[in-house]
Trainee: 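Below is one structure. I have some questions about it.
These numbers come from the heavy atoms of this one structure, side chains and all, not from hydrogens, waters or symmetry mates.
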Amino acid sequence: MRHMRKLVSIILLISVLTSQTVFAEAKKLIPMGESIGIQLQLPFVYVAHDVLLPNGEWLKKGDFITELNGRKINSVDSLKEELNESNLTLSVQKKDEKRQLALTKEEASNILPFLKDETDGIGTLTYIDPDSKQYGALGHQIVDGVLNAPPKFKEGSIFLASIEQIKKSSPGHPGYKISVIENNNIRLGNVVSNDMYGIFGQWETNNQSLRQPIEIMHVEDIKVGKAELYTAIEGSKVESFDINIIKVEDNFLQFIVTDKELLDKTGGILQGMSGSPIIQDGKFVGAVTHMFVEQPSKGAAISVEEMLKKTPK
């Protein structure tokens, strides 16, 4: 996300603070619904795609690049800075297996496009606390698609994203948003934690117009019936769409998209909609977490009351 570029979301469908003061302080939240680009900067370098080297050896997806000529490597930039010798030795690790690769400077330069030191994607901003200026997004944890695990990260950022194109969902084939980062990559906030109920951090900008805070609906008050979903499916405009809550169980609920416009444009729920706020009777109910792949008009959500339990101090 250091440069303007299209991002296809691969994020969808997928500290412990239980004090009652959390709910008191966050009794009213600002519902959002904006699409956001998310970047987590990692403290290591890994291989994003299999690469066949000229000597017949492979760099395999998920391998970690740990050293170059005995010097520790913790970012792609630091690796580039070390490419100043003709003959290089690359230290590669995967799990407990370590190996050394002998490369020329040219060969090492050629593998740079296949290396990463960040995890990024597209999701939806759920809420901002008007008092603490903390935000919550996604409603689920970010799992890196190559590492198949929640990545350890040293810092993170969120940016406003604009929807350029929609790949419509159909039964058995989840759709997705194609987005580009807006506003010259101006950061909206940091990322402090990546937990099972979403990403959380501090809102940092005054440039984004915000809605009025609304009361949180307690889980026991959520009813089967009509509700609204806030999300963006064109540009950066957040719109309200009709849904019908069909099941409430513990801190989770299921719903059906009933809005004809949303169904026509998206087929229902898309990858990248996770985090979209759900409102019922003017109160903040929860956030979308995933779709039912065989029935994309059907989705699931977590209550915002439960999501707040993971808000960092």
Trainee: To the nearest 0.5 Å, tell me how far L125 CG sits from I158 CD1.
Mentor: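 Answer for the CG-CD1 pair, L125 versus I158, is 5.5 Å.
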
Trainee: Would a distance-only check, ignoring hydrogens and angles, find a side-chain to backbone donor-acceptor pair under 3.5 Å from S157 to R187?
Mentor: no

Trainee: Evaluate the side chain to side chain contact (heavy atoms under 4.5 Å, CB included) criterion for residues F153 and T119: first the C-alpha distance (whole Å), next the side-chain angles of each, then the deciding distance (0.1 Å), finally the verdict.
Mentor: CA-CA 9 Å; F153 65 99; T119 292; over 6 Å; no

Trainee: What's the shortest heavy-atom distance between P296 and V293, and which atoms?
Mentor: CD-O, 3.8 Å

Trainee: In terms of side-chain geometry, is the basic nitrogen of K283 or E215 positioned less than 4.0 Å from the acidic oxygen of its partner?
Mentor: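 Salt bridge present between K283 and E215.
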
Trainee: Output yes when a side-chain donor or acceptor of T124 lies under 3.5 Å from a complementary backbone atom of G272, and no otherwise.
Mentor: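 Indeed, once roles are kept as given, a pair shorter than 3.5 Å links the two residues.
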
Trainee: With sequence neighbours excluded, give me every ring-ring contact (aromatic ring centres under 6.0 Å, His included) pair touching residues 79-129.
Mentor: none

Trainee: Return the CG to CD1 distance between L79 and I65, rounded to the nearest 0.5 Å.
Mentor: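 The CD1 atom of I65 is 7.5 Å from CG of L79, to the nearest 0.5 Å.
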
Trainee: With rounding to the nearest 0.5 Å, note down the distance linking CD1 in I142 to CG in L40.
Mentor: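 Atom-to-atom, I142:CD1 and L40:CG are 4.5 Å apart.
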
Trainee: Determine all donor-acceptor pairs shorter than 3.5 Å in which one atom belongs to a side chain in residues 47-56; sequence neighbours excluded.
Mentor:
from, atom 1, to, atom 2, distance (Å)
D50, OD1, K61, N, 2.7
D50, OD2, K60, NZ, 3.3
N55, OD1, E57, N, 2.9
N55, ND2, E57, OE2, 3.2

Trainee: With side chain to side chain contact (heavy atoms under 4.5 Å, CB included) as the test, would you mind laying out the steps for F255 and I246 before giving the verdict?
Mentor: CA-CA 5 Å; F255 63 91; I246 58 173; 5.6 Å; no

Trainee: Where do M291 and K298 land on the side chain to side chain contact (heavy atoms under 4.5 Å, CB included) test, with the steps shown first?
Mentor: CA-CA 6 Å; M291 67 183 291; K298 184 178 179 181; over 6 Å; no

Trainee: Hey, are E82 and R71 close enough for a salt bridge, meaning a charged N less than 4.0 Å from a carboxylate O?
Mentor: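 Salt bridge: yes.
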
Trainee: Could you report the tightest heavy-atom contact between S297 and L263, atom names first, then the distance?
Mentor: CB-CD2, 3.9 Å

Trainee: Using a strict cut-off of less than 4.0 Å between a Lys/Arg side-chain nitrogen and an Asp/Glu carboxylate oxygen, indicate whether R99 and D63 qualify as a salt bridge.
Mentor: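 So R99 pairs with D63 through a salt bridge.
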
Trainee: Could you tell me which non-hydrogen atom of S75 sits nearest to which non-hydrogen atom of V45, and how far apart they are?
Mentor: C-CG2, 3.3 Å

Trainee: So if you build clusters from Ile, Leu, Val, Met, Phe, Trp, Tyr with side-chain heavy-atom gaps below 4.5 Å, do V92 and V146 land together?
Mentor: no

Trainee: Assess whether a salt bridge exists between E34 and R211, defined as any Lys/Arg side-chain N lying under 4.0 Å from an Asp/Glu carboxylate O.
Mentor: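 A salt bridge links E34 with R211.
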
Trainee: Tell me, with the steps shown, if I163 and I233 meet side chain to side chain contact (heavy atoms under 4.5 Å, CB included).
Mentor: CA-CA 6 Å; I163 311 303; I233 59 171; 5.6 Å; no

Trainee: For residues I278 and A301, report the shortest heavy-atom separation together with the two atoms involved.
Mentor: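 Between these two residues, the closest heavy atoms are CD1-CB, 3.6 Å.
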
Trainee: Can you measure from OG (S35) to CD1 (I181) and round to the nearest 0.5 angstrom?
Mentor: 9.5 Å

Trainee: Under the criterion side-chain hydrogen bond (donor to acceptor under 3.5 Å, both in side chains), which of Q141, K309, E306, H140 is the partner of Y197?
Mentor: E306

Trainee: Strictly by salt bridge (Lys or Arg N to Asp or Glu O under 4.0 Å), give each pair with a member in residues 265-278 just once, sequence neighbours left out.
Mentor: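 Output for this query lists E234-K265, E261-K265.
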
Trainee: Under a 3.5 Å threshold, yes or no: a donor from one side chain and an acceptor from the other, between Y46 and D144?
Mentor: yes

Trainee: Can you confirm whether the side chains of S193 and D195 place a donor and an acceptor under 3.5 Å from each other?
Mentor: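 Yes, D195 and S193 have a side-chain donor paired with an acceptor closer than 3.5 Å.
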
Trainee: Kindly give the heavy-atom pair with the smallest separation between S179 and I122, and that separation in Å.
Mentor: CB-CD1, 3.9 Å

Trainee: Does K168 use its side chain to pair, donor to acceptor, with the backbone of D264 at less than 3.5 Å?
Mentor: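 A pair under 3.5 Å: yes.
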
Trainee: Using the test side-chain hydrogen bond (donor to acceptor under 3.5 Å, both in side chains), find all partners of T126 that sit at least two apart in sequence or belong to another chain.
Mentor: none

Trainee: Heavy-atom count check: over 12 atoms from other residues, nucleotides or ligands less than 6.0 Å from Q100 CD?
Mentor: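 More than 12 heavy atoms, drawn from other residues, nucleotides or ligands, come within 6.0 Å of this atom.
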
Trainee: At their closest point, which heavy atom of G299 faces which heavy atom of I269, and how far apart are they?
Mentor: CA-CG1, 4.4 Å

Trainee: Please list all pairs meeting salt bridge (Lys or Arg N to Asp or Glu O under 4.0 Å) that have one or both residues in residues 241-255, counting only residues at least two apart or in different chains.
Mentor: K247-E249

Trainee: Say whether, by atom type as modelled, one donor and one acceptor occur between the side chain of Q165 and the main chain of K177 under 3.5 angstrom.
Mentor: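 Flag not set: sc Q165 to bb K177 has no pair under 3.5 Å.
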
Trainee: Shared ILVMFWY cluster between W58 and L101, side chains joined below 4.5 angstrom?
Mentor: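 W58 and L101: separate clusters.
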
Trainee: Counting only N and O atoms by type, is there a donor-acceptor contact under 3.5 Å from the side chain of Q202 to the main-chain atoms of S132?
Mentor: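 Pair found, side chain donor or acceptor close to backbone of S132.
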
Trainee: Please report, to 0.1 Å, the donor-acceptor pairs under 3.5 Å made by any side chain of residues 219-232, with sequence neighbours excluded.
Mentor:
from, atom 1, to, atom 2, distance (Å)
K223, NZ, D281, OD2, 2.5
E228, OE1, S240, OG, 2.7
T231, OG1, S276, OG, 2.9

Trainee: Consider only side-chain heavy atoms of I, L, V, M, F, W and Y, link residues closer than 4.5 Å, and tell whether F44 and L115 are in one cluster.
Mentor: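 No.
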
Trainee: Decide whether F64 and V76 are clustered together by the hydrophobic rule: side chain heavy atoms of Ile, Leu, Val, Met, Phe, Trp, Tyr closer than 4.5 Å, transitively.
Mentor: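 Cluster IDs for F64 and V76 differ.
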
Trainee: Any side-chain to backbone donor/acceptor pair from D129 onto Q134? Under 3.5 Å, distance only.
Mentor: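 Such a contact is absent between D129 side chain and Q134 backbone.
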
Trainee: To the closest 0.5 Å, what do you measure between CG (L42) and CD (E155)?
Mentor: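 Separation between the atoms: 10.5 Å.
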
Trainee: Would you compute the distance between atom CD1 of I214 and atom CD1 of I30 and round it to the nearest 0.5 angstrom?
Mentor: 10.0 Å

Trainee: Are any side-chain N or O atoms of S169 and backbone N or O atoms of G175, one a donor and one an acceptor, separated by less than 3.5 Å?
Mentor: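 Pair found, side chain donor or acceptor close to backbone of G175.
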
Trainee: Just by modelled atom types, is the M307 backbone N or O under 3.5 Å from a matching donor or acceptor in the E305 side chain?
Mentor: no

